[in-house]
Structure formats: structure tokens, C-alpha cells
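Note that ligands are numbered from 1 as they come in the structure, with each ligand's atoms numbered from 1 the same way.
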Amino acid sequence: MNKRITLLPGDGIGPEIIDQAVIILDQVAAKFGHTFKTEAKPAGGAAIDATGNPMPDSSVAACRESDAVLLGAVGGPKWDHLAGELRPEAGLLRIRKELGLFANLRPAVLYDALRNASPLRSDIAARGVDILIVRELTGGLYFGRRGRTKGASGREAFDTEMYNELEIRRIARVAFSLARERRRKVTSVDKANILDSSRLWREVVIETAADYPDVALEHMYVDNAAMQIVRDPSQFDVLLTTNMFGDILSDEASVVTGSIGMLPSAGMGETARGLYEPIHGSAPDLAGRDVANPIATILSVAMMLRHSFGLAEEARAVERAVSRVLGRIFRTADIMSPGMTLVGTRKMGGLISAEIILN
Ligand code: NAD
């Protein structure tokens with residue numbers, strides 16, 4: 001398989017973790033006989049310094065022409081004084097919008113070796129956590145009509161939760177399709193006992209489910225879902241949510257897995273071309289010190305292999321390698337605990353890469 005990948009290393013620890021991701025891509029290519037051509041383009045603060053624009057047209061064009069995009073992180077104190085649309089983060093919003101990424105996939109997996117790092121009670125953690133949150137990303141409350149007015153009781157403000165059936169159907173399809181590659185269960189989160197938008201959400205999800213008779217569907221009110229994620233997260237496979245509910249529940253689900261340095265994500269649209277990135281930021285406090293955890297970015301590569309390239313076996317090989325290296329007691333500082341061996345960014349990347357060849 002021949003694939004082109006645009007790299008947007010960005011700022012802070014971005015370039016260091018992207019370097020490790022490229023080593024993993026090269027190793028997967030060597031082991032499985034693929035060709036992955038990577039090309040780095042400026043984004044974020046680095047792009048502001050080079051061109052005055054946080055996401056230059058040339059970077060957008062390269063992303064459009066590639067099969068997938070891998071982003072490190074953007075931002076840092078050096079650019080904090082800039083106005084909104086000139087800030088590094090504006091570049092990130094632009095590329096997500098330009099690529100039409102309406103689906104945000106956030107897997108929350110608790111590795112056996114990191115159970116002690118989870119705030120879950122040990123008997124609950126022992127049942128395992130392997131949830132894929134499929135969050136709608138371009139509609140709902142964050143994009144609805146909003147405003148501020150003056151009323152009889154003083155200042156008023158409003159935001160509207162609005163969804164149309166096209167938006168609901170396309171994100172539901174993503175959830176059902178992905179469930180087919182997992183444990184074939186979708187839990188759709190809503191507040192259909194109160195909200196009209198949630199009633200439409202539930203209606204359209206049920207209609208969409210008819211095309212996926214092999215996937216079990218259940219509905220859960222968002223307040224109950226928030227409770228169940230800490231009470232028994234092992235019950236969830238794919239969690240399908242609106243924009244705001246997903247924003248909140250994905251933070252809750254991610255914290256049960258230990259460290260922000262472990263969590264990958266994917267932004268997907270109508271095509272197979274996705275944007276993959278760790279959920280963490282540029283960690284300026286760690287930049288250039290070879291101490292950042294590269295695993296979130298390496299697991300983002302696994303997501304790219306699976307979701308953009310359809311290479312499930314290769315994705316599993318990367319995930320297994322991460323799991324084995326953690327099992328062999330190697331830890332970066334963020335997941336360090338007594339009795340473990342502390343390693344830096346490059347060493348962790350090298351260990352995972354070597355493990356891919358071994359297995
Ligand atoms: P952050 O995620 O960069 O850091 C939060 C904490 O987590 C810090 O203590 C950091 O050291 C630690 N951390 C983050 N990634 C780590 C890793 N891989 N290994 C070990 N520890 C890690 O969030 P922040 O400090 O709020 O933001 C720093 C900058 O990043 C800001 O400019 C912010 O706007 C930007 N940011 C960018 C993105 C993105 O590019 N997607 C996301 C969030 C924040």
C-alpha cells in the first residue's frame with residue numbers, strides 16, 4: 001500500500017513526538033511491506049514565525065492532497081499575546097474546518113500495566129476500559145444560534161442546541177460502522193426525556209440502526225451515562241454523542257485511563273482522510289527536554305492505520321507493542337511509579353518500534 005501523510009509537527013513537544021510517530025510508521029512500513037511518504041508542513045506558532053499565518057494555504061493544500069494528516073500540537077506562551085484569528089489554535093480550527101471533520105473519535109483504553117494510575121477502584125479497573133467515543137463535532141450547541149440581549153430582569157444570553165437529520169445520520173453511521181470493527185455495540189447518549197433535539201437524535205439513530213442489524217443499539221440519558229462511566233465503564237463499546245455531551249463525557253472517560261500523554265484522537269469527515277493527533281497540547285514546560293510521553297501520538301498513528309488506511313492488523317501491531325513495552329515496566333515521567341524504569345521520549349519511541357518488529 002502506498003500512502004501520503006502530511007505531518008504538522010507544530011510547537012513545543014510537537015516536533016519531538018512527531019519524530020517518534022514517524023519512526024513507528026517507518027517500522028510498520030518495513031514489517032508489512034507498505035510505503036508511507038511523509039512530508040512536514042508548518043502549522044501553529046512555527047508557521048506564524050515562518051509565514052505570519054498559523055495555517056498557511058500551502059499547508060492546507062498539502063493536507064488536502066494527502067491520504068491522512070498527523071498533527072503534533074500547537075501553541076505556546078510566545079504567541080499568547082496575538083489576537084484570536086492570528087493565534088496558533090486558529091490554525092488548528094481552520095484545518096479541521098477545511099477538511100470537513102465532523103466526527104471526533106476518542107478511544108479511552110485502560111492498559112493493564114497502568115491500572116494503578118487510574119482513579120477507578122481496583123475491582124472496577126480490573127474489568128477493563130475500552131471505550132470508543134464518537135462525538136459529533138460540527139453541529140449542536142457549539143454551533144447553534146446564540147446571543148445576548150437585555151430583558152426585564154437584566155442581561156440575558158442564549159445558546160441553541162440544534163441538529164438536522166443529515167448531521168445525526170452521518171455521525172450515527174460512523175458509530176455503527178466502527179462498532180462493526182469492535183464489539184458490535186453502540187450506546188447512543190441523549191436527553192430525550194427533556195429535549196426535542198434529543199428526541200430527533202434518538203429517532204434518527206434508530207432509523208440508521210436498521211442498516212446495521214448486526215450491531216446492538218442501546219440508548220442512555222446523558223446523566224446516567226456520566227454515572228455509568230465511573231460505575232462500570234466495561235459495559236461500553238462505542239459511545240455515540242452530540243457535540244456538547246461528547247465534550248464532557250470524553251474528558252470523564254479519558255481521566256480513567258491514567259495520563260493525558262496516553263490518549264490519541266481522530267477527526268474524520270466524509271472521506272477516509274482523517275486528521276490524527278494526541279489530545280494533549282504542546283506542553284511548553286517539557287519542550288526540548290526529551291521527557292514527553294510519545295504514546296498518545298504513536299496511538300494516533302495506530303488510529304490512522306485503522307481508520308484512514310483500513311490496516312487493522314498493522315494498527316493492532318502498534319497497540320500491542322505499546323502494551324508490551326508498558327508491561328515491561330518502561331515508563332515516561334508522566335506515568336512513572338515506584339519500581340518502574342524511567343525512559344525519555346526517544347527511548348520510549350525506540351522501544352515501541354523494536355517491539356513492532358519482534359511481534
Ligand atoms: P497541555 O496538554 O500542553 O499540558 C497540560 C499538562 O500535561 C502539562 O503539565 C504538560 O506537561 C502535560 N503533558 C501534556 N502532554 C504531555 C505528554 N505527551 N507527556 C507528558 N506530559 C504531558 O495543555 P496546556 O498546558 O493547557 O497548553 C499548552 C499549550 O498547548 C497552549 O498554548 C494551548 O493552547 C495548547 N494546546 C494545544 C492543543 C492542540 O494542539 N491540539 C490542545 C490543547 C492545548
Worksheet entry | SB check D49 K78 (cutoff 4.0 Å) | yes
Table please: side-chain donor-acceptor pairs of residues 225-233 below 3.5 Å, with sequence neighbours left out.
unit_1	atom_1	unit_2	atom_2	d
Q228	OE1	R231	NE	3.1
Q228	OE1	R231	NH2	3.2
Q228	OE1	Q235	NE2	2.9
Q228	NE2	N224	OD1	3.0
D232	OD1	R127	NH1	3.1
D232	OD1	S234	N	3.3
D232	OD1	S234	OG	2.6

Item to complete: Could you list who else is in I48's hydrophobic cluster, with ILVMFWY side chains joined at under 4.5 Å, directly or through other members?
Response: W79, L82, L86
Item to complete: Would you list the pairs meeting side-chain hydrogen bond (donor to acceptor under 3.5 Å, both in side chains) in which at least one residue belongs to residues 342-356, sequence neighbours left out?
Response: Q27-S353, R328-E355, E355-N359
Response to the item:
Taken to the nearest 0.5 Å, the spacing of E181 CD from H307 NE2 works out to 6.5 Å
Worksheet, complete the sentence: Pocket residues around ligand 1 (non-hydrogen, under 4.0 Å) come out as I13, A73, V74, G75, G76, E89, L92, I260, G261, E277, H280, G281, S282, A283, P284, D285, L286, A292, N293, D334
Item to complete: Measure from NZ or CZ of R170 to the centre of the six-membered ring of F102, then state whether that distance is under 6.0 Å and the direction lies within 45° of the axis.
Response: yes
